Amino acid sequence: GDNFPPPAEVPRDKLLGGLLPAGFDEHSCLSRYQSILYHKVLPRKPSSHLISRLRNYEALHKRCGPHTESYHRALENLKAGQHISSDCNYVVWVSFSGLGNRILSLASAFLYALLTDRVLLVDPGTDIPDLFCEPFPETSWLLPSDFPITDQFKSFDQKSPHSYGNMLKSNVLGNSTVSKFPPFIYLHLVHDYDDQDKLFFCEQDQAVLQNVPWLIMKTDNYFVPSLFLIPSFEQELTDLFPEKDTVFHHLGRYLFHPTNSVWGLITRYYHAYLARADEKIGIQIRVFDTGPGPFKHVLDQILDCTRKEDLLPQITEKEPITNPFGNLKTKAVLMTSLNSGYFEAVRNVYWEYPTVTGEMIAVYQPSHEEYQQTEKHMHNRKAWAEMYLLSLTDKLVTSSWSTFGYVAQSLGGLKPWILYKPENMTAPNPACRRAMSMEPCFHAPPFYDCKRKTGIDTGILVPHVRHCEDMSWGLKLV
Ligand code: GDP
């Protein structure tokens, strides 16, 4: 009979158009080659230049990565405090801030490594290996536990004498020849960084940093848009990303593969609640106001946006007319939020009243963790799973300022509707707007003209770097 569906089609392109390297063991990281079964196939293909640079990077990482001869030599220099030129240079990404911020900053650090021929090593923090598979074949991106300055990572901050900004202030670099350069420099690119730290984004300063074998980077930002404004990187970035609004989309899918435990959270939830719906709508609610919530003005805003933008149907007070034998269309709404108030209210609206279209609206929320608990494993696994689930929806509504939402939209290749940030506890009007691109917003960009040494609006210099929809001083690629 017809009871058995045809066997699932063998995925055409589990390497995502050559973005992913072949040859990984599939069982140790199921998501790597299964993601294609869940994500929509997008017309946005990685460029052949990006693909070849990634393969070259993988070879470099294998040659210079942890426990290689080159790594040990570079480490000796670091320990001895000497500067002997070595064939491998590194950027160490320090685990810092919430998960969405970390995913965006890690992708930024990787792109920086790619542009500067450095090897990216990742401070595992408390949970990186619990959340992400290794992205590079036959090596590891994790910084070994005996790295000599790991115990200083916590103390690195804006005041740190090892920071590039403070070294400039005390003129240690200006007076020394390259051979006297320190073996490492701390790059403070956290939102509280100052004008000197921000010189990182100047071509002249990049030329100086080239001479430093170890860069230790702490950041909570997606700083990619400002890399596009550094003249020496411009051509290479254009070759890598002819479609400039796809940077995180491609790098995110290349780098971030959920571990099997997280993949279980994603796939079980997907099949139980989302897979069979005719359409999947994601709504990501992140409220930065203090106070417990849920807030009425936020609920009003959600309903206003989703109905005006035709994402969810209007309701009617009339008696429902449903044809029990008809083919009922269903929309699955995946909501994410730290609390459950908004989800319960939206679900109730569509239970208590019929829709004018006759569609059935099923509303789900995987967790309500109440507050941010960055140190807990299951908490972060769920946060990662929820970002990923949102990326699997057809249409997405996100909250202003939230990196959690940025990760979901870019991974999914979705231009979200962004809920404006409420002011004075009132729902903004209009409630939301469509984003210009799927790219994340850089929240703390520099506003400096490196050549003329004056302030400048970096959001109006080139057509592809613009101010963000949700943060007027932010920058994003479009
Ligand atoms: P941002 O603060 O919105 O930019 O996003 P981050 O991910 O950097 O930090 C927020 C953190 O709060 C997340 O990493 C989670 O730990 C937690 N969080 C915020 N919203 C949610 C949510 O909807 N679901 C879950 N599971 N956790 C959330």
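Both ligands and their constituent atoms are indexed starting at 1 by order of listing. All values derive from a computational prediction rather than experimental measurement. In this chain, residues are counted from 1 in sequence order.
- Contact annotation: for H379 versus ligand 1, heavy atoms closer than 4.0 Å belong to the side chain alone.
- Given atom 10 (C) of ligand 1, the protein heavy atom at minimum distance is R286 NH2, 3.3 Å.
- Only one option out of D197, D192, N166 pairs with Q158 in a side-chain hydrogen bond (donor to acceptor under 3.5 Å, both in side chains); it is D197.
- Checking only distances, G100 does come within under 3.5 Å of ligand 1, N or O to N or O.
- Under 4.0 angstrom from ligand 1, the non-hydrogen atoms of S367 all belong to its side chain.
- Checking only distances, T403 does come within under 3.5 Å of ligand 1, N or O to N or O.
- Under the 30°/60° scheme for interplanar angles, the aromatic rings of F223 and Y112 are found to stand perpendicular.
- Exactly one residue among F404, Y269, Y270, W263 makes a ring pair (Phe, Tyr, Trp, His ring centres under 6.0 Å) with Y388. That residue is W263.
- Each of D127, D123, D220 was checked for a salt bridge (charged side-chain N to carboxylate O under 4.0 Å, His left out) with R102, and the lone residue meeting it is D127.
- Looking from atom 8 (O) of ligand 1 to the surrounding protein, the closest heavy atom is N101 ND2, 2.5 Å.
- The residue from M378, Q372, M335, Q373 that puts a heavy atom closest to atom 12 (O) of ligand 1 is Q372.
- Atom 18 (N) of ligand 1 has its nearest heavy-atom neighbour, among L338, L99, T374, L390, in L338.
- Considering backbone and side-chain N/O of S97, none are found under 3.5 Å from N/O of ligand 1.
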Report all side-chain donor-acceptor pairs from residues 346-353 shorter than 3.5 Å, counting only partners two or more places apart or in another chain.
unit_1, atom_1, unit_2, atom_2, d
N348, ND2, E344, O, 3.3
Y350, OH, P313, O, 2.7

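- Looking at S337 next to ligand 1, an N or O pair under 3.5 Å apart turns up.
- For ligand 1, the atoms sitting less than 4.0 Å from at least one non-hydrogen atom of S402 are 1 (P), 3 (O), 4 (O), numbered in the order shown with element in parentheses.
- Annotation: salt bridge (Lys or Arg N to Asp or Glu O under 4.0 Å) contacts of K476 (sequence neighbours excluded): E469.
- Among protein heavy atoms, the minimum distance from atom 25 (C) of ligand 1 is reached at E386 OE1, 3.4 Å.
- Among F256, W93, Y57, the one residue that satisfies the ring pair (Phe, Tyr, Trp, His ring centres under 6.0 Å) test with F110 is Y57.
- With contacts defined as side-chain heavy-atom distances shorter than 4.5 Å, the pair C432/E309 qualifies.
- Summary of contacts: the protein heavy atom closest to atom 13 (C) of ligand 1 is F404 CD1, 4.0 Å.
- Remark: K218 qualifies as a cation-pi partner of F96 under the 6.0 Å distance and 45° angle criteria applied to the six-membered ring.
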